[in-house]
Amino acid sequence: MKLTFGEKIKDARKSKNLTQKQLAGKIGAKHNSVSDWENDKNRPDTATMELLCKALNITPNYLLDTSPGEYTPAEKKLIEKYRFISEYSPEGTATVSYILEREYQIAEDRRRQAMPALPKEDLAAIECAMKKFDIKKAR
């Protein structure tokens with residue numbers, strides 16, 4: 001799910017356990033300005049955005065980019081925790097990896113189930129094309 005500019009600010013602020021008022025105080029902005037940014041009513045100027053990124057430990061690319069290339073603050077926390085576990089608890093790393101793989105497979109299964117089945121005519125066309133080009137079904 002893509003987050004809006006404002007949702008990214010709100011998510012980062014909450015991950016730092018800051019109120020809007022506390023964040024505003026850290027960057028020298030008004031409390032209602034933070035509210036307006038989080039509600040996507042407007043955006044901070046460049047200088048304020050720089051202060052905002054520093055206070056929230058995020059990059060301008062994270063705020064401005066519409067692709068999911070940057071990690072969210074919550075994802076960064078998970079990565080930091082995983083690195084800590086892998087350094088001090090090898091058996092913990094194995095446990096986390098096992099659970100992650102198991103949950104990933106469950107999510108994949110759910111995604112496949114949510115995908116609508118192809119119409120019969122499409123399936124027939126695919127089978128015809130497979131016969132024509134001598135393509136075997138995958139197992």
By salt bridge (Lys or Arg N to Asp or Glu O under 4.0 Å) - contacts of D109 (at least two apart): R112
Using the test side chain to side chain donor-acceptor pair (under 3.5 Å), find all partners of R111 that sit at least two apart in sequence or belong to another chain. E108
Would you say that L63 contacts C53 through its side chain, given a criterion of any heavy-atom pair below 4.5 Å between the two side chains? yes
Would you please test S35 and N32 for side-chain hydrogen bond (donor to acceptor under 3.5 Å, both in side chains) and show each step? CA-CA 5 Å; S35 175; N32 61 340; over 6 Å; no
Side-chain heavy atoms nearer than 4.5 Å, only ILVMFWY residues, links allowed to pass through others: does that put L64 and I27 together? yes
Rounding to 0.5 Å, atoms NZ (K10) and CG (D40) come to a distance of 10.5 Å
In terms of heavy-atom contacts, W37 and A29 come closest through CH2-CB, 4.0 Å
pair E50-P60: side-chain heavy atoms closer than 4.5 Å: no
Side-chain donor/acceptor of Q22 to backbone N/O of T19, under 3.5 Å: yes
Separation between CG (L23) and CD1 (I9), nearest 0.5 Å, reads 8.0 Å
With side chains defined as the heavy atoms from C-beta onward, is the minimum distance between V34 and E38 less than 4.5 Å? yes
For the atom pair CD1 (I99) and CZ (R102), what is the distance rounded to the nearest 0.5 Å? 8.0 Å
Can you check whether E7's main-chain N or O pairs, donor with acceptor, with D11's side chain at less than 3.5 Å? no
Is there side-chain contact between E87 and R83, with heavy atoms separated by less than 4.5 Å? no
Between Y62 and L56, is any pair of side-chain heavy atoms under 4.5 Å apart? no
Other residues, nucleotides and ligands only: do more than 12 of their heavy atoms fall within 6.0 Å of NZ on K76? yes
Got a second to check how far I106's CD1 is from E101's CD, nearest 0.5 Å? 10.5 Å
Say whether, by atom type as modelled, one donor and one acceptor occur between the side chain of N39 and the main chain of K41 under 3.5 angstrom. no
Can you tell me if D36 and S33 form a side-chain donor-acceptor pair at under 3.5 Å? no
Least distance between heavy atoms, H31 atom then Q20 atom: NE2-OE1, 3.5 Å
Only distances under 3.5 Å count here; give the side-chain donor-acceptor pairs of residues 90-97 to other protein atoms, sequence neighbours excluded, each with its distance to 0.1 Å.
{"unit_1": "E91", "atom_1": "OE2", "unit_2": "S89", "atom_2": "OG", "d": "3.2"}
{"unit_1": "T93", "atom_1": "OG1", "unit_2": "S86", "atom_2": "N", "d": "3.4"}
{"unit_1": "T93", "atom_1": "OG1", "unit_2": "S89", "atom_2": "O", "d": "3.3"}
{"unit_1": "T95", "atom_1": "OG1", "unit_2": "E91", "atom_2": "O", "d": "3.0"}
{"unit_1": "S97", "atom_1": "OG", "unit_2": "Y82", "atom_2": "OH", "d": "3.4"}
{"unit_1": "S97", "atom_1": "OG", "unit_2": "T93", "atom_2": "O", "d": "3.0"}

